[in-house]
*Asks:* 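This is the structure I want to talk about, given as C-alpha coordinates.
Atoms considered below: every heavy atom in the structure, side chains included; atoms not considered: hydrogens, waters and symmetry mates. Counting convention: from 1, in listed order, for ligands and their atoms alike.
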Amino acid sequence: MSRFEDKVALVTGAASGIGRATAERLAAEQATVFCSDVNGVGLSETIDGIRKAGGQVTGRTCDISSADACDESVAAAIEEFGKLDVLCNVAGVGIYGHATELTTEQWSSVISVNLSGTFYMSRAALPHLLETEGNIVNVASTAGLVGIAYAAAYCASKGGVVAMTKSMAVEFAHRNVRVNCVCPGGVDTPLARTFKVPEGGRPDLLARMMLVQKVGSPEEIAGAIAYLASEEARYVNGTAFAIDGGQVA
Ligand SMILES: NC(=O)c1ccc[n+]([C@@H]2O[C@H](COP(=O)([O-])OP(=O)(O)OC[C@H]3O[C@@H](n4cnc5c(N)ncnc54)[C@H](O)[C@@H]3O)[C@@H](O)[C@H]2O)c1
(Lines give C-alpha, C1' and ligand atoms only; values in the text may rest on other atoms or scores of the structure.)
Protein backbone atom coordinates (compact mmCIF):
# COMPACT_ATOMS: atom_id res chain seq x y z
CA MET A 1 0.00 0.00 0.00
CA SER A 2 1.13 3.56 -0.58
CA ARG A 3 -1.64 5.60 1.02
CA PHE A 4 0.79 8.36 2.04
CA GLU A 5 2.43 9.20 -1.27
CA ASP A 6 3.19 12.96 -1.31
CA LYS A 7 2.16 13.23 2.36
CA VAL A 8 4.32 14.55 5.19
CA ALA A 9 3.85 13.06 8.66
CA LEU A 10 5.32 14.10 12.01
CA VAL A 11 5.50 11.30 14.60
CA THR A 12 6.34 11.92 18.27
CA GLY A 13 7.64 9.09 20.45
CA ALA A 14 9.39 7.77 17.35
CA ALA A 15 12.41 6.40 19.25
CA SER A 16 10.64 3.33 20.57
CA GLY A 17 7.60 1.06 20.65
CA ILE A 18 4.39 2.27 19.01
CA GLY A 19 5.94 5.54 17.78
CA ARG A 20 8.79 3.76 16.01
CA ALA A 21 6.39 1.24 14.46
CA THR A 22 4.17 4.11 13.31
CA ALA A 23 7.05 6.01 11.70
CA GLU A 24 8.16 2.80 9.99
CA ARG A 25 4.64 1.99 8.79
CA LEU A 26 3.97 5.46 7.38
CA ALA A 27 7.36 5.54 5.65
CA ALA A 28 6.73 2.08 4.20
CA GLU A 29 3.53 3.52 2.75
CA GLN A 30 5.52 6.29 1.03
CA ALA A 31 5.05 9.07 3.61
CA THR A 32 7.85 11.53 4.15
CA VAL A 33 8.35 11.25 7.90
CA PHE A 34 9.66 13.70 10.48
CA CYS A 35 10.53 11.73 13.62
CA SER A 36 10.53 13.35 17.06
CA ASP A 37 11.45 12.06 20.51
CA VAL A 38 13.27 13.15 23.65
CA ASN A 39 15.54 10.09 23.30
CA GLY A 40 18.15 11.00 20.69
CA VAL A 41 19.80 7.58 20.53
CA GLY A 42 16.57 5.72 19.85
CA LEU A 43 15.53 8.41 17.41
CA SER A 44 18.71 7.93 15.36
CA GLU A 45 18.12 4.16 15.31
CA THR A 46 14.61 4.68 13.96
CA ILE A 47 15.78 7.14 11.32
CA ASP A 48 18.66 4.87 10.24
CA GLY A 49 16.32 1.88 10.02
CA ILE A 50 13.80 3.74 7.85
CA ARG A 51 16.57 5.10 5.59
CA LYS A 52 18.03 1.61 5.14
CA ALA A 53 14.58 0.41 4.11
CA GLY A 54 14.51 3.16 1.46
CA GLY A 55 12.19 5.56 3.31
CA GLN A 56 12.23 9.34 3.18
CA VAL A 57 12.88 10.51 6.77
CA THR A 58 14.54 12.98 9.06
CA GLY A 59 13.95 14.14 12.62
CA ARG A 60 15.13 15.94 15.73
CA THR A 61 14.93 15.60 19.47
CA CYS A 62 12.09 17.31 21.29
CA ASP A 63 10.75 17.21 24.84
CA ILE A 64 7.03 17.60 24.24
CA SER A 65 6.43 18.84 27.77
CA SER A 66 7.95 22.14 26.58
CA ALA A 67 5.57 24.24 24.47
CA ASP A 68 8.51 26.09 22.90
CA ALA A 69 10.20 22.83 21.93
CA CYS A 70 6.97 21.65 20.26
CA ASP A 71 6.72 24.91 18.29
CA GLU A 72 10.36 24.50 17.21
CA SER A 73 9.82 20.88 16.21
CA VAL A 74 6.86 21.67 13.96
CA ALA A 75 8.73 24.66 12.51
CA ALA A 76 11.69 22.39 11.73
CA ALA A 77 9.43 19.88 9.96
CA ILE A 78 7.89 22.68 7.88
CA GLU A 79 11.32 24.10 7.08
CA GLU A 80 12.51 20.66 5.97
CA PHE A 81 9.51 19.45 3.99
CA GLY A 82 7.37 22.55 3.32
CA LYS A 83 4.07 21.23 4.67
CA LEU A 84 2.43 18.86 7.13
CA ASP A 85 -0.40 16.42 6.38
CA VAL A 86 -0.41 14.14 9.43
CA LEU A 87 0.52 14.55 13.10
CA CYS A 88 0.78 11.38 15.19
CA ASN A 89 1.04 12.20 18.90
CA VAL A 90 2.49 8.96 20.25
CA ALA A 91 5.03 10.01 22.92
CA GLY A 92 3.97 9.20 26.45
CA VAL A 93 5.08 8.11 29.90
CA GLY A 94 3.54 6.06 32.70
CA ILE A 95 3.97 6.27 36.46
CA TYR A 96 2.11 3.76 38.59
CA GLY A 97 1.47 3.41 42.29
CA HIS A 98 -1.04 4.04 45.05
CA ALA A 99 -2.86 7.34 44.45
CA THR A 100 -2.09 8.33 48.02
CA GLU A 101 1.64 8.01 47.36
CA LEU A 102 1.81 9.76 43.99
CA THR A 103 3.98 12.86 44.44
CA THR A 104 3.07 16.24 43.01
CA GLU A 105 6.12 15.97 40.72
CA GLN A 106 5.03 12.55 39.43
CA TRP A 107 1.48 13.79 38.80
CA SER A 108 2.77 16.87 36.97
CA SER A 109 5.26 14.95 34.86
CA VAL A 110 2.62 12.52 33.53
CA ILE A 111 0.11 15.28 32.81
CA SER A 112 2.70 17.55 31.22
CA VAL A 113 3.98 14.89 28.79
CA ASN A 114 0.85 12.89 27.96
CA LEU A 115 -1.76 15.63 28.00
CA SER A 116 -0.05 19.01 27.70
CA GLY A 117 2.54 17.68 25.24
CA THR A 118 -0.18 16.31 22.99
CA PHE A 119 -1.92 19.68 23.14
CA TYR A 120 1.28 21.70 22.47
CA MET A 121 2.13 19.60 19.42
CA SER A 122 -1.43 19.81 18.10
CA ARG A 123 -1.61 23.57 18.61
CA ALA A 124 1.67 24.05 16.74
CA ALA A 125 0.66 21.72 13.91
CA LEU A 126 -2.95 22.80 13.37
CA PRO A 127 -2.28 25.93 11.27
CA HIS A 128 -0.34 23.72 8.84
CA LEU A 129 -2.91 20.90 8.93
CA LEU A 130 -5.62 23.44 8.12
CA GLU A 131 -3.67 24.37 4.99
CA THR A 132 -3.38 20.77 3.80
CA GLU A 133 -6.73 19.56 5.22
CA GLY A 134 -4.68 17.02 7.14
CA ASN A 135 -5.37 15.15 10.34
CA ILE A 136 -4.15 14.25 13.83
CA VAL A 137 -4.01 10.79 15.38
CA ASN A 138 -3.42 10.79 19.14
CA VAL A 139 -2.42 7.76 21.15
CA ALA A 140 -4.61 7.65 24.25
CA SER A 141 -5.20 4.32 26.03
CA THR A 142 -7.94 2.12 27.42
CA ALA A 143 -6.82 3.90 30.61
CA GLY A 144 -8.57 6.95 29.12
CA LEU A 145 -11.85 5.03 28.80
CA VAL A 146 -12.11 3.01 32.01
CA GLY A 147 -10.54 3.12 35.45
CA ILE A 148 -7.29 1.26 35.97
CA ALA A 149 -6.14 0.94 39.56
CA TYR A 150 -2.77 2.38 40.57
CA ALA A 151 -2.72 4.63 37.50
CA ALA A 152 -4.57 7.80 38.57
CA ALA A 153 -2.28 10.25 36.78
CA TYR A 154 -1.97 8.07 33.69
CA CYS A 155 -5.77 7.57 33.47
CA ALA A 156 -6.36 11.30 33.98
CA SER A 157 -3.87 12.19 31.25
CA LYS A 158 -5.31 9.70 28.75
CA GLY A 159 -8.91 10.60 29.57
CA GLY A 160 -7.87 14.16 28.83
CA VAL A 161 -6.44 13.10 25.47
CA VAL A 162 -9.72 11.36 24.56
CA ALA A 163 -11.75 14.46 25.49
CA MET A 164 -9.35 16.82 23.71
CA THR A 165 -9.49 14.63 20.60
CA LYS A 166 -13.28 14.93 20.51
CA SER A 167 -13.21 18.67 21.16
CA MET A 168 -10.77 19.35 18.33
CA ALA A 169 -12.62 16.97 16.01
CA VAL A 170 -15.81 18.99 16.45
CA GLU A 171 -14.01 22.31 16.24
CA PHE A 172 -12.21 21.59 12.96
CA ALA A 173 -14.60 19.23 11.14
CA HIS A 174 -16.04 22.01 9.00
CA ARG A 175 -12.51 22.91 7.90
CA ASN A 176 -11.81 19.33 6.82
CA VAL A 177 -9.25 18.54 9.51
CA ARG A 178 -9.94 15.26 11.34
CA VAL A 179 -8.76 14.42 14.85
CA ASN A 180 -8.94 10.83 16.12
CA CYS A 181 -7.30 8.73 18.78
CA VAL A 182 -6.48 5.09 19.35
CA CYS A 183 -6.90 3.51 22.77
CA PRO A 184 -4.58 0.52 23.01
CA GLY A 185 -4.84 -2.07 25.76
CA GLY A 186 -1.61 -3.81 26.71
CA VAL A 187 1.09 -3.51 24.04
CA ASP A 188 4.50 -5.11 24.30
CA THR A 189 6.80 -2.08 24.66
CA PRO A 190 9.30 -0.78 27.25
CA LEU A 191 6.55 1.43 28.75
CA ALA A 192 4.20 -1.49 29.38
CA ARG A 193 6.99 -3.47 31.03
CA THR A 194 7.28 -0.80 33.77
CA PHE A 195 3.73 -1.50 35.01
CA LYS A 196 3.45 -3.57 38.16
CA VAL A 197 1.09 -3.87 41.09
CA PRO A 198 2.54 -1.69 43.85
CA GLU A 199 3.51 -3.15 47.17
CA GLY A 200 0.36 -3.81 49.20
CA GLY A 201 -1.79 -3.47 46.06
CA ARG A 202 -4.52 -5.91 45.01
CA PRO A 203 -3.84 -7.75 41.74
CA ASP A 204 -7.57 -8.61 41.45
CA LEU A 205 -8.36 -4.92 40.85
CA LEU A 206 -6.54 -5.27 37.54
CA ALA A 207 -8.80 -8.10 36.38
CA ARG A 208 -10.33 -6.06 33.55
CA MET A 209 -6.85 -5.75 32.00
CA MET A 210 -6.53 -9.53 31.99
CA LEU A 211 -9.62 -10.31 29.89
CA VAL A 212 -7.43 -11.97 27.30
CA GLN A 213 -4.06 -13.45 28.05
CA LYS A 214 -2.35 -11.68 25.21
CA VAL A 215 -0.98 -8.28 24.39
CA GLY A 216 -0.91 -6.29 21.17
CA SER A 217 2.17 -5.55 19.12
CA PRO A 218 3.38 -2.03 18.28
CA GLU A 219 2.88 -2.92 14.60
CA GLU A 220 -0.82 -3.71 15.16
CA ILE A 221 -1.36 -0.31 16.76
CA ALA A 222 0.64 1.37 13.98
CA GLY A 223 -1.67 -0.29 11.44
CA ALA A 224 -4.71 1.30 13.09
CA ILE A 225 -2.97 4.68 13.31
CA ALA A 226 -2.09 4.48 9.61
CA TYR A 227 -5.71 3.69 8.74
CA LEU A 228 -7.03 6.66 10.75
CA ALA A 229 -4.41 8.96 9.22
CA SER A 230 -5.23 7.84 5.68
CA GLU A 231 -7.91 8.96 3.23
CA GLU A 232 -9.64 5.62 3.79
CA ALA A 233 -10.79 7.10 7.11
CA ARG A 234 -12.10 10.28 5.45
CA TYR A 235 -15.44 9.89 7.28
CA VAL A 236 -13.92 8.94 10.66
CA ASN A 237 -13.62 11.89 13.02
CA GLY A 238 -13.47 12.23 16.81
CA THR A 239 -13.33 8.50 17.39
CA ALA A 240 -11.60 6.81 20.33
CA PHE A 241 -10.70 3.50 18.70
CA ALA A 242 -10.07 0.79 21.31
CA ILE A 243 -7.57 -1.87 20.25
CA ASP A 244 -7.57 -4.07 23.29
CA GLY A 245 -8.87 -7.56 22.69
CA GLY A 246 -12.26 -6.52 24.07
CA GLN A 247 -11.02 -5.21 27.42
CA VAL A 248 -13.41 -2.24 27.51
CA ALA A 249 -16.28 -3.86 25.59
N1 LIG B 1 2.45 -0.10 25.72
C2 LIG B 1 1.19 -0.10 26.14
O3 LIG B 1 0.68 -1.07 26.72
C4 LIG B 1 0.33 1.13 25.86
C5 LIG B 1 -1.06 1.01 26.04
C6 LIG B 1 -1.85 2.10 25.80
C7 LIG B 1 -1.28 3.30 25.40
N8 LIG B 1 0.05 3.39 25.24
C9 LIG B 1 0.61 4.68 24.81
O10 LIG B 1 1.36 4.50 23.65
C11 LIG B 1 2.29 5.56 23.52
C12 LIG B 1 3.64 5.01 23.14
O13 LIG B 1 4.14 4.25 24.22
P14 LIG B 1 4.92 2.87 24.02
O15 LIG B 1 4.11 1.83 24.68
O16 LIG B 1 5.33 2.72 22.60
O17 LIG B 1 6.16 3.13 24.99
P18 LIG B 1 7.69 3.41 24.70
O19 LIG B 1 8.27 3.68 26.04
O20 LIG B 1 8.26 2.32 23.87
O21 LIG B 1 7.66 4.75 23.84
C22 LIG B 1 7.35 6.00 24.38
C23 LIG B 1 8.25 7.03 23.70
O24 LIG B 1 7.87 8.34 24.16
C25 LIG B 1 9.06 9.06 24.35
N26 LIG B 1 8.88 10.15 25.30
C27 LIG B 1 8.67 10.06 26.63
N28 LIG B 1 8.61 11.29 27.18
C29 LIG B 1 8.78 12.17 26.17
C30 LIG B 1 8.84 13.57 26.12
N31 LIG B 1 8.73 14.35 27.20
N32 LIG B 1 9.01 14.17 24.91
C33 LIG B 1 9.15 13.41 23.79
N34 LIG B 1 9.13 12.07 23.79
C35 LIG B 1 8.95 11.46 24.98
C36 LIG B 1 10.05 8.04 24.89
O37 LIG B 1 11.40 8.47 24.77
C38 LIG B 1 9.73 6.83 24.05
O39 LIG B 1 10.50 6.79 22.87
C40 LIG B 1 2.27 6.30 24.86
O41 LIG B 1 1.50 7.48 24.73
C42 LIG B 1 1.57 5.32 25.78
O43 LIG B 1 0.93 5.96 26.85
C44 LIG B 1 0.88 2.34 25.47
*Asks:* Taking 4.0 Å as the limit for heavy-atom contacts, which would you say applies to Lys158 with ligand 1: side chain only, backbone only, both, or neither?
*Replies:* side chain
*Asks:* Determine the sole option in Glu231, Glu232, Gln30 for which the side-chain hydrogen bond (donor to acceptor under 3.5 Å, both in side chains) test with Arg3 is passed.
*Replies:* Glu232
*Asks:* Taking a cutoff of less than 4.0 Å between a non-hydrogen atom of the residue and any ligand atom, is Cys62 in contact with ligand 1?
*Replies:* yes
*Asks:* What's the verdict on side-chain contact (heavy atoms from CB on, under 4.5 Å) for Val197 and Tyr150, showing C-alpha distance, side-chain angles and the deciding distance?
*Replies:* CA-CA 7 Å; Val197 179; Tyr150 314 119; 4.3 Å; yes
*Asks:* Is there a heavy atom in Phe195 that sits closer than 4.0 Å to ligand 1?
*Replies:* no
*Asks:* To the nearest 0.5 Å, what is the distance between CG (Asn114) and CG (Asn138)?
*Replies:* 11.0 Å
*Asks:* Check each heavy atom of Thr189 against ligand 1 and say whether those closer than 4.0 Å belong to the side chain, the backbone, both or neither.
*Replies:* side chain
*Asks:* Check the pair Cys88 / Leu10 against side-chain contact (heavy atoms from CB on, under 4.5 Å), numbers first and verdict last.
*Replies:* CA-CA 6 Å; Cys88 298; Leu10 194 164; over 6 Å; no
*Asks:* Within less than 4.0 angstrom of ligand 1, does Gly185 place any heavy atom?
*Replies:* yes
*Asks:* Can you tell me which portion of Val93 lies within the under-4.0 Å heavy-atom range of ligand 1? Options are side chain, backbone, both, or neither.
*Replies:* side chain
*Asks:* Does Ala140 come within less than 4.0 angstrom of ligand 1, counting non-hydrogen atoms of the residue?
*Replies:* yes
*Asks:* Answer yes when Glu72 and Arg60 have at least one side-chain N-carboxylate O distance shorter than 4.0 Å, and no when they do not.
*Replies:* yes
*Asks:* Hey, do the aromatic rings of Phe195 and Tyr96 have their centres closer than 6.0 Å?
*Replies:* yes
*Asks:* Compute the minimum heavy-atom distance from Pro190 to ligand 1 and say whether it is under 4.0 Å.
*Replies:* yes
*Asks:* Are any of the side-chain nitrogens in Arg193 or Asp188 under 4.0 Å away from the carboxylate oxygens of its partner?
*Replies:* yes
*Asks:* Below 4.0 Å from any atom of ligand 1, is there a heavy atom belonging to Gly117?
*Replies:* no
*Asks:* Heavy atom of Val113 under 4.0 Å from ligand 1?
*Replies:* yes
